[in-house]
Amino acid sequence: MLIALPRNRIPPGRPVALLRVADLEIDALHLRVRQGARELRITPDEHILLYTLAARAGVLVSYRELADAMGSTDTAVRNNTLARHLSGLRQKLRDDPKRPRYIETVPGIGLRFMVTSAA
């Protein structure tokens with residue numbers, strides 16, 4: 001489930017809680033991600049993917065749920081788009097898919113953000 005933060009309902013100047021998981025700090029409102037002291041430059045779709053997984057850390061999230069969160073409807077496009085964004089996100093996180101620190105792939109089912117990740 002993607003958690004939406006409506007901009008027009010948050011009073012100006014009121015801080016929005018950051019999502020902190022492992023060594024990542026994810027700002028849903030301003031689309032910023034920090035990995036330790038390093039700020040990552042990720043695309044809006046990579047941000048949605050990362051936020052969706054990190055918000056449910058330790059829980060297996062199906063490919064369909066992830067694609068729905070990203071707004072993909074066509075199955076063929078959905079699978080290719082998700083794979084492309086996941087690849088880009090892993091590169092930016094320096095996360096090896098064979099020995100993941102952050103995002104674990106469960107073939108044929110989905111992805112899981114690993115709770116025990118460390119820098």
Side-chain angles (χ1 to χ4, degrees):
M1 172 191 323
L2 181 64
I3 301 169
L5 298 175
R7 292 178 191 251
N8 60 346
R9 293 193 182 157
I10 299 172
R14 180 173 175 219
V16 174
L18 300 175
L19 177 60
R20 290 185 175 93
V21 182
D23 64 340
L24 299 178
E25 184 178 277
I26 306 165
D27 182 338
L29 189 59
H30 299 104
L31 302 179
R32 292 189 195 123
V33 177
R34 295 191 66 77
Q35 184 182 41
R38 181 172 80 105
E39 185 157 339
L40 304 179
R41 296 181 61 109
I42 65 175
T43 68
D45 284 330
E46 290 169 347
H47 190 277
I48 291 169
L49 179 59
L50 178 60
Y51 188 88
T52 302
L53 290 168
R56 297 178 62 190
V59 176
L60 181 61
V61 182
S62 74
Y63 292 124
R64 179 181 206 110
E65 290 175 273
L66 292 167
D68 288 347
M70 294 174 61
S72 298
T73 55
D74 182 271
T75 305
V77 172
R78 178 172 53 206
N79 294 340
N80 291 333
T81 300
L82 187 55
R84 187 178 71 242
H85 292 307
L86 177 60
S87 176
L89 183 57
R90 280 187 166 142
Q91 282 183 331
K92 292 168 186 175
L93 289 171
R94 299 176 183 159
D95 195 25
D96 180 1
K98 294 179 183 168
R99 295 185 50 180
R101 293 181 341 172
Y102 298 104
I103 302 171
E104 173 188 21
T105 299
V106 179
I109 300 174
L111 303 170
R112 176 181 6 241
F113 191 93
M114 299 172 65
V115 178
T116 58
S117 299

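We use all heavy atoms of the structure for the numbers below, so side chains are in, but hydrogens, waters and symmetry mates are not.
The side-chain heavy atoms of L40 and L50, taken from C-beta on, include no pair separated by under 4.5 Å. For the pair I103 and L49, the minimum side-chain heavy-atom distance is 4.5 Å or more. In this structure the side chain of H47 reaches within 4.5 angstrom of the side chain of I26, judged on heavy atoms. With contacts defined as side-chain heavy-atom distances shorter than 4.5 Å, the pair V21/Y51 does not qualify. Residues L66 and L53 meet the side-chain proximity criterion, which asks for heavy atoms closer than 4.5 Å. Annotation: side chain of Y102 is not in contact with side chain of L89 (no heavy-atom distance under 4.5 Å).
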Derivation of the side chain to side chain contact (heavy atoms under 4.5 Å, CB included) call for D23 and R38: CA-CA 10 Å; D23 64 340; R38 181 172 80 105; over 6 Å; no
Side chain to side chain contact (heavy atoms under 4.5 Å, CB included) between Y63 and L111, worked out: CA-CA 7 Å; Y63 292 124; L111 303 170; 4.1 Å; yes
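The two residues M70 and D45 come nearest to each other via the heavy atoms CE-CB, 3.9 Å. Contact between T52 and A69 at its shortest, heavy atoms only, is OG1-CB, 3.8 Å. Shown here for G110 and L60, the closest heavy-atom pair between the two residues is C-CD1, 3.8 Å. Between E46 and K92, the shortest heavy-atom distance links the atoms OE1-NZ, 2.8 Å. The nearest pair of heavy atoms linking V115 to A57 is CG2-C, 3.6 Å. G58 and R112 make their closest contact through O-CD, 3.5 Å (heavy atoms, listed as atom of the first residue, atom of the second, distance).
To the nearest 0.5 Å, the span separating CG on L18 from NE2 on H30 amounts to 9.5 Å. Residue D27 holds its CG atom at 9.5 Å from CZ of R20, rounded to the nearest 0.5 Å.
Listed for the D95 side chain is a donor-acceptor partner under 3.5 Å among the backbone atoms of R101. Q35 contributes a side-chain N or O that, together with a main-chain N or O of L93, makes up a donor-acceptor pair within less than 3.5 Å.
No more than 12 heavy atoms of other residues, nucleotides or ligands lie within 6.0 Å of CZ in R94, so this atom counts as exposed by the packing criterion.
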